[in-house]
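Read the structure below first, then the notes.
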Amino acid sequence: MRKVIGVVLALLLAVVADVGAAAATPPAAVATQADRPGGPRPQGIPGEIETSDDKDLAAWQRLQYGMFIHWGLFSELGGVWKGKPVTKGYSEQIQMWADISEKEYLEVAERFSPDRFDPAEICSLAKQAGMRYVVITSKHHDGFSMFDTDTTDYDVVDATPYGKDPLKALADECRSQGLKFGFYFSLVDWHQGHDFDGDNNNPIPTSMEPVIEGQLRELMTGYGDIAEVWFDMSSPSAAQSEKFTGIVRELQPKAAVNSRVWNNKGDFRTLGDNEIPTVALDGAWQTPASIYHETWGYRSWQKRDDLPGKIKDLVGGLTGVRARGGNYLLNIGPRGDGSVVEFEADVLRGMGAWLRRHPDAVLGASATRFGGRSWGEVTVNDRDLFLHVSQWPKSGELRLPGLATSVRDVREDGSKDRLAWRWDGDDLVVKLPARPHDDVLPVVKVELGGELRIIPERTVAIGQDGETVLAPDDIEHGYSYADNGSYYSTRRTTVRHTAYLTADRTERLSVAVRGEARPEALYRVQVGKHTRLVKGADLTDRAAGSFFVRGGKVTPVTITLAAPEHAGEELGLRIDALTVKPAEHPTRTSN
């Protein structure tokens, strides 16, 4: 049954006219909006996607790009068992896929002596690649601890001839070289009693909890400041997820915990392996990426070729994730002796070389509300807009829709030659050269005349008379993810609805939303900077008043949950239509 949701707010929105530039304007001058073809345009909304309001989570988001290291006893086998390649599954899970008994696995430990493990070399490589933090496997599904632990002798210090804690050495070296440090920690543990499960979806028996808790406390107290804790797999209860997260909160309050602690207890959402989201995501998130999609741990027989193509592919992944607001954690899989595979090192150095050619385009830059374009991605750094062109347009022109800020200069990043450009309504159109300046991923740098502002593509102009009806396609949706305690229960959720309105003149309007809401939920309705909290039952039952919209400005109307249990909680609001019309009886409302 359809219900009508009436939402009315009273507010006064300030008008600040932005400026635009015409293509013929000299670089030293800036034209007004009136100089654009078609006359003045409305002031847009801020185009930069901001980091979290939580200062510690925002500090983690600003790390942006890190090194993931899958290294353990499995690395000694290199994807081979009894002389034959194990082609099923990831090589770090070879014990399961080759059905290796624990007795046989311990025999591997007896010859594990990673004398070529060089923390200084690894940290130096990370810095050459432009990375800002390192996350390494402390314990994978095999349950073999790569650190010194009192909970078991099944660890690198007690069960191998190496006899040292390599993770302590790496943590110290990261600190010495100015890199942040974090741990991967599997909640699946075949040594402690979990059965082999191809989905790695094992519940955690209470008998296993003391070992997990003890190891987490050791990791959180013996290795200095921890920036990130990367849990993985299993299907813990909500109480277990709360307990494991609580240990990190207690001992490393500034560390960011990923969502694979499950039951929506983490600080940021970990996406699927190598996933670049096709839709915008709200909140903090990260993509774990691998140089080869077939494995994360070392595989001796892995095909390694086309170095330029691999660099280009991974630069595109890094840029795609960063342009959408996520962190990018790129993996290497050292050999059993601790040495880094030369091809992987060359890939990382190649990516670092590209970043140095475009020093402001990704690292230190922010995501934008433009979203992915058919030709590539968009980032912003202060007043410089960067267009990452992965698909060089055959038309020879690059079109960026909805730019509401003036433009001072356009050129290919790294080149001294200016590019011709023009306005086509609200679209910036850049004339490209026949060939790009950068063969890996060319970048066009647009020098702006002020703060980045955009006019969203779904912006709807309010009619002068009568009512204006916005269809569902006119509403922008914000998405996140939630889970019910495991990897395979993870689902995409809708966490926000936003409509963008413009009017030729300042007027008082009423807004009514037809659809369905959760009756007991408390919603936050925000118009510009003004908000009102409305219970779902009230939204569906009655109208509440009116609000002002200023002429010449894009006004967002956003609905979210007022106090979600977690960042990915489903909004539970379906909008069938949003109707805007003149308010006949103004009502005083509070903010």
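Throughout, residue positions are numbered sequentially from 1 according to the sequence presented. Values in this document were obtained by computation on a predicted structure and should not be read as measured data.
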Hey, does the side chain of [X] reach the backbone of [Y] with a donor-acceptor pair shorter than 3.5 angstrom?
{"X": "Ser241", "Y": "Ser237", "result": "yes"}
{"X": "Glu412", "Y": "Leu419", "result": "no"}
{"X": "Thr287", "Y": "Tyr328", "result": "no"}
{"X": "Ser366", "Y": "Ile49", "result": "no"}
{"X": "Arg369", "Y": "Pro46", "result": "yes"}
{"X": "Glu569", "Y": "Thr493", "result": "no"}
{"X": "Thr51", "Y": "Ala58", "result": "no"}
{"X": "Arg324", "Y": "Ile276", "result": "no"}
{"X": "Thr405", "Y": "Arg453", "result": "yes"}
{"X": "Asn263", "Y": "Glu242", "result": "no"}

Is it true that Trp230 and Phe68 have ring centroids separated by less than 6.0 Å? yes
Do you know which of [options] makes side-chain contact (heavy atoms from CB on, under 4.5 Å) with [X]?
{"X": "Leu403", "options": "Leu452, Val378, Asp427", "answer": "Leu452"}
{"X": "Trp421", "options": "Leu398, Val444, Val410", "answer": "Val410"}
{"X": "Val362", "options": "Thr379, Val315, Leu318", "answer": "Leu318"}

Qualifying ring pair (Phe, Tyr, Trp, His ring centres under 6.0 Å) pairs with a residue from residues 388-413, counting only residues at least two apart or across chains: none
Glu50 atom CD, neighbour heavy-atom count above 12 within 6.0 Å: no
Taking CG in Asp225 as the centre, count heavy atoms belonging to other residues, nucleotides or ligands within less than 6.0 Å. Is the count above 12? no
So, do [X] and [Y] sit near enough that their side-chain heavy atoms are less than 4.5 Å apart?
{"X": "Val495", "Y": "Pro564", "value": "no"}
{"X": "Asp424", "Y": "Arg399", "value": "yes"}
{"X": "Asp267", "Y": "Arg249", "value": "yes"}
{"X": "Thr494", "Y": "Glu570", "value": "yes"}
{"X": "Tyr500", "Y": "Ile454", "value": "no"}
{"X": "Leu448", "Y": "Val446", "value": "yes"}
{"X": "Leu561", "Y": "Leu571", "value": "yes"}
{"X": "Arg132", "Y": "Tyr65", "value": "no"}

Indicate the ring-plane relationship of Trp262 and Tyr487, choosing parallel, tilted or perpendicular according to the 30° and 60° boundaries. perpendicular
Parallel, tilted or perpendicular: which fits the ring planes of His497 and His477, with parallel below 30° and perpendicular above 60°? perpendicular
Does a donor on one side chain sit under 3.5 Å from an acceptor on the other, for Thr319 and Glu377? no
Have a look at Asp483 and tell me which of Arg269, Arg491, Lys265 forms a side-chain hydrogen bond (donor to acceptor under 3.5 Å, both in side chains) with it. Arg269
Show your reasoning for whether side chain to side chain contact (heavy atoms under 4.5 Å, CB included) applies to Trp60 and Lys180. CA-CA 9 Å; Trp60 172 83; Lys180 299 297 184 181; over 6 Å; no
Quick one: pull up NE2 in His437 and CG in Asp417 and give me the separation to the nearest 0.5 Å. 9.0 Å
Should Asp438 and His358 be marked as a side-chain hydrogen bond (donor to acceptor under 3.5 Å, both in side chains) after you check the CA-CA gap, both sets of side-chain angles, and the distance that decides it? CA-CA 10 Å; Asp438 193 311; His358 308 284; 2.8 Å; yes
Carefully, step by step, assess Glu451 and Arg383 under the rule salt bridge (charged side-chain N to carboxylate O under 4.0 Å, His left out). CA-CA 6 Å; Glu451 174 196 10; Arg383 294 190 176 188; over 6 Å; no
Full working for salt bridge (charged side-chain N to carboxylate O under 4.0 Å, His left out) between Asp56 and Lys254: CA-CA 6 Å; Asp56 292 329; Lys254 294 184 178 182; 5.1 Å; no
